[in-house]
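Heads up: the structure comes next, in structure tokens.
Note that the numbering runs from 1 along the sequence shown for the chain.
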Amino acid sequence: MLLSALAVGLIALVQLPREEEPQISVPMVDLLVSADGLKAVDAVELVTKPLETIVKEIDGVEHVYSQTVDDQAMVTARFFVGTDRDAALLRVHETIRAHIGEIPVGIPEPLIVGRSINDVPVVVLTLAPKPGKEDRWNDNALHAIADELQSELVKVEEVGLTFIAGGHPDQIRVEPDPERLSLYGVTLNQLVDKVKNANCAFSLGRVREAGTQPAVIVGYTLQGMGDIGNLLITTRDGRPVYFKDVATIVVGASIADARVWQLDKSGVVDASGLSERPAV
């Protein structure tokens, strides 16, 4: 019996696949739903619970989680260990499409996002200015460098998804003045619609001319502050009203929605004994 056990153990040792870092597939799929105008308590009854019921019917789903806040709901489906990630995504897409009629009228179709262990970062690179250089290398300048670095990193073999945390990218921003809007009788929706319609160009096909086939493009794409400021919104007492009359056009760093800091003991330290420098 001992010899038989040793023989079976040797066979198992040879036959069983082994990896130093085995990749265990536990796919998860998030369903993000925008429920504008609904409080969390109402979104739970109208969106979250019906969506949970639909997701629970999917073959291979082990657990269903949900999170609901004002104007938004998220339902997460976790599949059994070993389920193929692509197959899990396909099942969710097919099931949602088959039950799209059960989603209340006015609620947009859920955004389906697949999650896996490969979405977890394994390497983090931090860009921060040297002590005393914070004025030159602010969040906006650091983000510009990080954007170029990201383009090079994706060329590295076996590098998957990359993303930038912190920093402020360049942005053209239209800041309406409520008093001037009221003075000229212009609504905020008029401004938004005007920018959307003005910054639009599409192809109508091609024409034959002198042995060539040039493309026919209809529309116009805004090129900068001057184009935006000179957009005609309406007329008031026979006088044209332009964007620059009711809003300020700003070119610069975007408004901060996340910040990253480098904390160490170099440079000028504060009461905590650490210096604080912007980072990306």
(message) Evaluate Thr68 against Thr48 for side chain to side chain donor-acceptor pair (under 3.5 Å), listing each step before the verdict.
(response) CA-CA 7 Å; Thr68 306; Thr48 306; 2.6 Å; yes

(message) Under 4.5 Å between side-chain heavy atoms, counting indirect links through other Ile/Leu/Val/Met/Phe/Trp/Tyr residues: same cluster for Leu149 and Val156 or not?
(response) no

(message) Quick check against the 3.5 Å criterion: does Arg115 have a side-chain atom that pairs as donor or acceptor with the backbone of Met28?
(response) no

(request) Please check if Val29 and Met74 belong to a single hydrophobic cluster, counting links between Ile, Leu, Val, Met, Phe, Trp and Tyr side chain heavy atoms closer than 4.5 Å. (result) no

(message) Just checking Glu175: does its CD atom have more than 12 heavy atoms from other residues, nucleotides or ligands closer to it than 6.0 angstrom?
(response) yes

(message) So Val241 and Thr235, do their side chains get closer than 4.5 Å, heavy atoms only?
(response) no

(request) Answer with yes or no whether the hydrophobic clustering places Ile112 together with Val75; edges join I, L, V, M, F, W, Y residues whose side-chain heavy atoms lie under 4.5 Å apart. (result) yes

(message) Please give me the minimum heavy-atom distance between Arg180 and Thr248, naming the atom from each residue.
(response) NH2-OG1, 3.6 Å

(message) Nearest 0.5 Å, please: how far is OG1 in Thr76 from CD in Glu52?
(response) 10.0 Å

(request) Can you establish whether the number of heavy atoms outside Leu161 located under 6.0 Å from its atom CG is more than 12? (result) no

(request) Answer yes or no: are there more than 12 heavy-atom neighbours, outside Gln67 itself, under 6.0 Å from its atom CD? (result) no

(message) Quick test of your reading of the model: are Lys155 and Glu152 salt-bridged, counting only N-O distances below 4.0 Å?
(response) yes

(request) Report yes or no: does Asp177 contribute a side-chain atom to a donor-acceptor pair with the main-chain N or O of Val246 at less than 3.5 Å? (result) no

(request) Give the minimum heavy-atom separation between Tyr184 and Asp245, together with the two atoms involved. (result) CE1-O, 3.8 Å

(message) Check whether Thr212 reaches the backbone of Glu209 with its side chain - one donor and one acceptor, N or O, closer than 3.5 Å.
(response) yes

(message) Hydrophobic clusters here meaning ILVMFWY residues chained together by side-chain heavy-atom distances under 4.5 Å, can you tell me if Val61 and Leu90 are in one?
(response) no

(request) Decide whether Leu127 and Leu263 are clustered together by the hydrophobic rule: side chain heavy atoms of Ile, Leu, Val, Met, Phe, Trp, Tyr closer than 4.5 Å, transitively. (result) no

(request) For residues Ser34 and Asp36, report the shortest heavy-atom separation together with the two atoms involved. (result) OG-OD1, 3.2 Å

(message) Determine whether Thr187 and Asn189 satisfy the following criterion, side chain to side chain donor-acceptor pair (under 3.5 Å), listing intermediate values before the conclusion.
(response) CA-CA 5 Å; Thr187 66; Asn189 287 335; 5.3 Å; no

(request) Could you check if a side-chain atom of Ile107 sits within less than 4.5 angstrom of a side-chain atom of Leu46, using non-hydrogen atoms only? (result) no

(message) For Ile58, is there any backbone N or O sitting under 3.5 Å from a side-chain donor or acceptor partner on Arg91?
(response) no

(message) Using side-chain heavy atoms (C-beta onward) and a distance below 4.5 Å, is Lys194 in contact with Leu191?
(response) no

(message) For a 4.5 angstrom cut-off between non-hydrogen side-chain atoms, does Arg277 reach Gln262?
(response) yes

(message) As an exercise, state the distance from OH of Tyr242 to OG1 of Thr234, rounded to the nearest 0.5 Å.
(response) 11.5 Å

(message) Is the shortest side-chain heavy-atom distance between Pro169 and Asp147 below 4.5 Å?
(response) no

